[in-house]
Participant: 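Sharing a structure here in structure tokens format.
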Amino acid sequence: MAEAARPVRCIVKLGGAAITNKGELESIDEGSLRSSCAQLRQAMSDNAAPEKVVGMDWSRRPGESADPVVDTEGFADMAGMGLDTNFVVVHGAGSFGHFQASRSGAHKGGLHTTLVKAGFVATRISVTSLNQEVVRALAREGIPSIGLSPFACGWSTRQRKLVSANASQIIQSLHAGFVPVLHGDGVLDELLDCTILSGDVIIRHLAQLLSPKYVVFLTDVHGVYDRPPTDPNAVLLREIEVDDNGGWSIVKPALQGNKRGVETSVAAHDTTGGMETKILEAAAIARLGVDVYITKVDTEHSLRALKGDVNTSSDDWLGTVIRSAR
């Protein structure tokens, strides 16, 4: 397998709860998605980046009768995009896919039943349609993005553990100057027949393979709390260290009398484990020596995280940093 030409700067997880309306079936939070893509462009931009954004979505939008406007002159006048495209984007499903998987039981396997087979098809239709919309939103910001589905790339699991993950298309896309955009997906499983592969698991594997400088999780809350953030007494954990054995400790703030550690809550329809999976996968990434930033989408804090401009010694950044104790 070819090696990446240079270290990947950042792997970004666009949380499903951050870019979709989780209470409404297959509903995109257009504002958050648009803001995330605009901030990604800002993070990628160098001093040579053109002020004018020349969009790359040349397809007709639903309900539009006119052909799309293509600014060929704008592209002809550009010496280059002025973007550091050495990013990988992975997005969650949010209100896409989870409903179909949970109603059919596709995440539990059993393709011999018609219901599971139909649900697996329905789940993939849903998540790939969201992937197309994320790619289009990035393209409208002038980011040369390419959607890649784990199922189509041949990724598979055994008892829900990733066993096959061919990354050649991802690496080739990076070499060619594209930004690969992956997503949580339905995949084949050697023992269960099929299951749902979480975007958080995908990120952990890609971090092992690509050794990014840092990883960013954009969510619908400011970071990891010591209990569900809806609790008025919840405390934002600003810095967590992970040791070589996978054990982790809260460095900042110093919590008095809190013996419960961190509580997590998972929505009933969430088939990929919710915040608990996110924390475990982030801890596994930190053990690799890669800092993980978890913060709220569409804020000044998310822009700083995407740029890698996070200083835990000050309190002006709201979020959680998970890093190796080494």
Side-chain angles (χ1 to χ4, degrees), residues 1 11-16 88-94 96-131 134 147-173 180-212 215 217 246 264 266-288 290 292:
M1 182 185 296
I11 300 176
V12 182
K13 168 68 187 296
L14 296 178
V88 176
V89 175
V90 181
H91 64 81
F96 290 72
H98 287 296
F99 168 79
Q100 291 85 349
S102 61
R103 284 296 294 268
S104 64
H107 58 299
K108 299 178 182 178
L111 286 175
H112 60 280
T113 69
T114 306
L115 174 61
V116 171
K117 186 163 285 185
F120 187 83
V121 170
T123 299
R124 293 212 66 254
I125 289 172
S126 185
V127 296
T128 54
S129 67
L130 175 60
N131 181 251
V134 173
L148 296 174
S149 293
F151 179 92
C153 289
W155 290 37
S156 63
T157 57
R158 180 182 177 87
Q159 199 73 34
R160 300 192 178 93
K161 301 293 185 183
L162 195 59
V163 293
S164 177
N166 186 339
S168 59
Q169 284 181 284
I170 299 169
I171 292 172
Q172 288 172 17
S173 297
V181 185
L182 291 85
H183 58 90
D185 200 7
V187 295
L188 299 180
D189 188 282
E190 292 177 2
L191 293 181
L192 304 173
D193 294 337
C194 66
T195 191
I196 305 300
L197 180 64
S198 162
D200 298 326
V201 174
I202 294 170
I203 283 191
R204 189 243 303 155
H205 179 76
L206 291 179
Q208 289 176 320
L209 184 71
L210 302 175
S211 300
V215 169
F217 285 79
T264 57
V266 179
H269 64 274
D270 193 335
T271 56
T272 56
M275 182 58 79
E276 184 175 13
T277 300
K278 193 180 310 296
I279 294 171
L280 291 173
E281 298 301 340
I285 294 168
R287 286 177 67 190
L288 302 171
V290 178
V292 179

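The analysis underlying the following values was restricted to heavy atoms, covering all of them including side chains, and did not include hydrogens, waters or symmetry mates.
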Participant: Check side-chain contact (heavy atoms from CB on, under 4.5 Å) between Leu115 and all other residues, then give those that pass, not counting sequence neighbours.
Facilitator: Ser104
Participant: How far apart are the C-alpha atoms of Phe217 and Ile203, what are their side-chain angles, what is the distance that settles it, and do they pass the side chain to side chain contact (heavy atoms under 4.5 Å, CB included) test?
Facilitator: CA-CA 10 Å; Phe217 285 79; Ile203 283 191; 4.3 Å; yes
Participant: I need the His205 NE2 to Leu197 CG distance, nearest 0.5 Å.
Facilitator: 10.0 Å
Participant: For residues Pro150 and Ile202, report the shortest heavy-atom separation together with the two atoms involved.
Facilitator: CG-CD1, 3.7 Å
Participant: In sequence, state the C-alpha distance, the side-chain angles, and the governing distance for Val290 and Ser211, and then conclude on side chain to side chain contact (heavy atoms under 4.5 Å, CB included).
Facilitator: CA-CA 7 Å; Val290 178; Ser211 300; 5.7 Å; no
Participant: Do Lys13 and Asp200 have side chains that approach each other closer than 4.5 Å (heavy atoms only, starting at C-beta)?
Facilitator: yes
Participant: Identify, with sequence neighbours excluded, every residue that meets side chain to side chain donor-acceptor pair (under 3.5 Å) alongside Arg287.
Facilitator: none
Participant: Restricting to non-hydrogen atoms, name the atom on Ala106 and the atom on Gly119 that form the minimum distance, rounded to 0.1 Å.
Facilitator: CB-C, 4.2 Å
Participant: Identify the residue among Val12, Val215, Leu182 that makes a side-chain contact (heavy atoms from CB on, under 4.5 Å) with Val88.
Facilitator: Leu182
Participant: For residues Ile171 and Leu210, determine if any side-chain heavy atom of one lies less than 4.5 Å from a side-chain heavy atom of the other.
Facilitator: yes
Participant: Please evaluate residues Glu281 and Ser198 with respect to the criterion side chain to side chain contact (heavy atoms under 4.5 Å, CB included), reporting the C-alpha separation (whole Å), side-chain torsions for both, the decisive distance (0.1 Å), and the verdict.
Facilitator: CA-CA 10 Å; Glu281 298 301 340; Ser198 162; 6.0 Å; no
Participant: Could you tell me the separation between the OG1 atom of Thr195 and the CG atom of Leu111, rounded to the nearest 0.5 Å?
Facilitator: 10.5 Å
Participant: Below 4.5 Å, heavy atoms only, C-beta onward: do Asp185 and Ile196 meet side chain to side chain?
Facilitator: no
Participant: Are the side chains of Val89 and Pro180 in touch, meaning some heavy atoms are under 4.5 Å apart?
Facilitator: no
Participant: Using a 4.5 Å cut-off on heavy atoms from C-beta on, say whether the side chain of Val116 contacts that of Cys194.
Facilitator: yes
Participant: Are the side chains of Val90 and Leu14 in contact, using a 4.5 Å heavy-atom criterion?
Facilitator: no
Participant: Is the side chain of Ser126 donor-acceptor paired with the backbone N or O of Thr123 at a distance under 3.5 Å, no angle test?
Facilitator: no
Participant: Could you go through residues 151-159 and list every donor-acceptor pair under 3.5 Å that involves a side-chain atom there, pairing it with any protein atom two or more places apart or in another chain?
Facilitator:
from: Trp155; atom 1: NE1; to: Asn166; atom 2: O; distance (Å): 2.9
from: Thr157; atom 1: OG1; to: Asp189; atom 2: OD2; distance (Å): 2.6
from: Arg158; atom 1: NH1; to: Glu190; atom 2: OE1; distance (Å): 3.1

Participant: Could you state the interatomic distance from CD1 (Ile170) to CG (Leu206), rounded to the nearest 0.5 Å?
Facilitator: 5.0 Å
Participant: Does any N or O in the side chain of His107 come within less than 3.5 Å of the main-chain N or O of Ala101, such that one atom is a donor and the other an acceptor?
Facilitator: yes
Participant: Which pairs with one or both residues in residues 96-122 pass salt bridge (charged side-chain N to carboxylate O under 4.0 Å, His left out), sequence neighbours excluded?
Facilitator: none
Participant: Looking at every non-hydrogen atom in both residues, tell me the closest pair between Ser149 and Thr128 and how far apart they are.
Facilitator: OG-CG2, 3.6 Å
Participant: Minimum heavy-atom separation for Val292 and Ala282, please, with both atom names.
Facilitator: CG2-O, 3.7 Å
Participant: Please give me the minimum heavy-atom distance between Leu130 and Gly92, naming the atom from each residue.
Facilitator: CD2-O, 3.5 Å
Participant: Checking Asn131 now: which residues fulfil side-chain contact (heavy atoms from CB on, under 4.5 Å) with it, not counting sequence neighbours?
Facilitator: His91, Val135, Val181, His183
